[in-house]
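A short worksheet on the structure shown next.
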Amino acid sequence: MTKKLAIGMFQGGGVRQSWKIAGRENDPNFTDLGYWIDLAKKCEAAGVDFLFFADSYGYPTLHGEIVPTAVERNVQFSTVDPHTLIAALAAVTTKLGLVTTTSTMVEAPPALTRQYRSLDHFSAGRVGWNIVTGSAQAASAMLFGEDLMPHDERYAKAAEHVELSLKFWEGCWEPDALVRDGANGVWADPAKVHEIVHDGTYFKAKGVLVTPPSPQVTPVLFQAGASSAGRALAARYAEAVFLAAESKALAAQIADIRRLAVENGRGADAVKCLIAGTFRVADSRAQAEAEHQAIIDRISLEHAATLYAYFTGIDLLSLDLDKPIPESAANGDNGRTNIERFLGPDAPTVREVLEEFRANGVMGKPFLGTPEEIADQAEAMIEETGADGFLVQPEFDGGHDLFFGRVMPELRRRGLLKDELEGATLREHLFGEGSVLLPESHPGAGFRAANALV
Ligand SMILES: Cc1cc2nc3c(=O)[nH]c(=O)nc-3n(C[C@H](O)[C@H](O)[C@H](O)COP(=O)(O)O)c2cc1C
């Protein structure tokens with residue numbers, strides 16, 4: 001196999017977990033900038049394409065109330081603002097891509113586009129936006145004093161959000177609009193700076209994104225959320241997607257995204273499909289399994305149910321444990337990926353779903369074993385699913401060092417990784433040297449002043 005894999009490092013909602021180890025509660029934790037600086041530098045030295053920070057304003061709630069286990073065990077609960085963090089990490093790295101999530105339900109396009117454009121400047125073109133409609137929407141909506149918007153309508157709003165954001169990024173400034181002529185006192189050419197006028201269903205705007213174009217103009221567009229509405233959004237706009245499931249389901253999701261991308265006039269390869277997975281490397285398979293099991297043993301069924309409630313708004317412990325999740329659950333207004341995943345003819349029982357969440361959360365089967373075994377498993381996964389790479393979540397403390405020090409060299413030895421990151425920008429890392437801007441086949445290119453005046 002000659003395909004070079006894209007590798008991102010995943011920093012999930014559980015943030016740094018070392019406080020869970022007795023005696024290590026006071027290790028530097030996720031509120032400590034030094035920890036993140038250290039991690040970003042390690043990622044850069046290892047040569048991964050990017051570091052990704054998940055984000056959400058939501059946390060587990062049921063029937064409008066916070067779930068006490070969420071607070072007690074920090075189940076998708078405490079976090080810091082990753083956007084602020086990325087600005088700091090941009091200053092101590094030079095090549096590493098930096099990606100985070102902003103839900104289209106939270107920031108309106110003028111605020112979001114200014115923020116990401118600023119980050120793209122500060123990082124010299126290394127930033128990506130993970131577009132989501134948001135996990136734990138019930139909590140997030142309450143927090144912002146809004147009604148919970150129906151699931152598919154959230155995706156309609158997301159599509160309009162992305163369109164308007166693309167208008168701001170691609171349509172406001174022509175490439176040579178910024179003049180910066182000190183002698184004549186000219187900052188920019190007014191004829192080449194265009195006002196955006198948008199009168200849509202969810203957003204209205206008239207005006208200009210005042211921050212001049214950054215190296216990538218539009219940050220690299222990621223997407224996560226593999227419900228059917230999520231896949232349709234990804235196929236239209238995303239340049240990379242995060243997916244997590246068993247290999248058969250992944251293969252089907254990836255085939256669907258590629259088919260839809262072609263229907264949208266984009267190439268089948270326009271979207272990098274990245275499998276999110278947990279990795280645990282040890283000296284033997286048995287040791288990796290034992291270490292993984294030791295973590296599972298610390299997770300109660302209440303913890304697993306709280307995690308499930310975070311993603312779906314469903315209280316599994318209130319259902320019949322020996323029957324599958326009812327099909328009607330997929331009509332609710334919370335996140336659907338982790339409901340749809342467990343329906344259909346081979347649907348597991350609620351008890352099995354709980355066990356799956358206890359063992360693997362949303363990430364699917366972990367990659368466990370020696371570096372060679374993990375590389376075998378990774379290669380097989382790529383072949384079975386047609387994916388383009390991985391979003392790697394090393395388990396617990398020390399996991400990053402082991403992944404960088406042992407698994408990356410093995411993947412490299414097999415020719416599965418690039419020797420050097422391509423280009424200076426994140427889009428080039430993913431799509432090759434020279435691919436700094438959105439390609440012409442992307443809908444965003446249609447908003448460029450040269451293509452269509454807005
Ligand atoms: C690897 C991975 C990372 C994700 N990161 C986020 C995130 O940072 N924030 C978020 O709200 N949702 C994230 N999601 C998506 C949620 O799980 C959820 O599916 C989505 O926000 C709701 O959309 P849905 O209804 O399509 O499931 C992620 C999913 C995966 C697989």
Side-chain angles (χ1 to χ4, degrees), residues 6-15 50-60 76 79-83 85-86 98-107 128-141 143 148-159 161 222-235 238 240-246 249-250 253-254 256-257 272-279 307-314 329-343 357 360-364 366 385 387 389-393:
I7 303 283
M9 300 309 288
F10 182 24
Q11 196 57 51
V15 289
F50 63 90
L51 173 57
F52 164 64
F53 295 92
D55 194 32
S56 174
Y57 277 96
Y59 40 76
Q76 303 283 343
T79 189
V80 288
D81 172 20
H83 306 81
L85 183 54
I86 279 187
L98 297 163
V99 182
T100 191
T101 300
T102 310
S103 163
T104 48
M105 299 300 291
V106 175
E107 296 282 14
W129 170 31
N130 180 33
I131 306 162
V132 297
T133 54
S135 43
Q137 262 307 297
S140 184
L143 191 63
L148 179 61
M149 186 180 276
H151 180 271
D152 286 359
E153 195 181 348
R154 289 204 295 276
Y155 274 101
K157 183 176 177 182
H161 189 305
F222 288 71
Q223 190 273 349
S227 59
S228 48
R231 295 198 297 275
L233 184 77
V241 292
F242 299 139
L243 302 161
E246 292 307 317
L250 279 172
Q253 289 172 359
I254 291 171
D256 193 46
I257 290 169
K272 296 280 179 202
C273 295
L274 306 181
I275 300 173
T278 310
F279 286 71
L307 187 62
Y308 194 81
Y310 170 84
F311 284 103
T312 63
I314 292 175
N331 302 329
D333 283 331
N334 274 285
R336 287 199 187 154
T337 304
N338 288 289
I339 304 172
E340 289 180 2
R341 212 181 127 189
F342 298 118
L343 300 179
F357 256 63
N360 303 318
V362 293
M363 299 288 268
T385 60
F390 292 99
L391 181 67
V392 175
Q393 171 86 78

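Counting starts at 1 for both ligands and their atoms, following the listed order. Reckoned from all heavy atoms, side chains included, excluding hydrogens, waters and symmetry mates. Source: prediction; values computed, not measured.
Ligand 1 is surrounded by Phe10, Phe52, Ala54, Asp55, Thr101, Asn130, Val132, Thr133, Gly134, Ser135, His151, Tyr155, Ala224, Gly225, Ser227, Phe242, Ala244, Ala276, Phe311, Gly335, Arg336, Thr337, Leu391, each with at least one heavy atom closer than 4.0 Å.
Between Phe10 and Phe52, the ring-plane angle classifies as parallel under the 30° and 60° cut-offs. The aromatic rings of Tyr308 and Phe342 are tilted relative to each other, their planes meeting at an angle between 30° and 60°. Using cut-offs of 30° and 60° for the angle between ring planes, the Phe222 and Phe50 rings count as perpendicular.
Judged by distance alone, the side chains of Asn130 and Thr101 do bring a donor and an acceptor atom under 3.5 Å apart.
Here the closest heavy-atom approach between residue Ala139 and residue Gly58 is recorded as CB-CA, 4.0 Å.
The distance from the NZ atom of Lys157 to the CE atom of Met105 is 4.5 Å, given to the nearest 0.5 Å.
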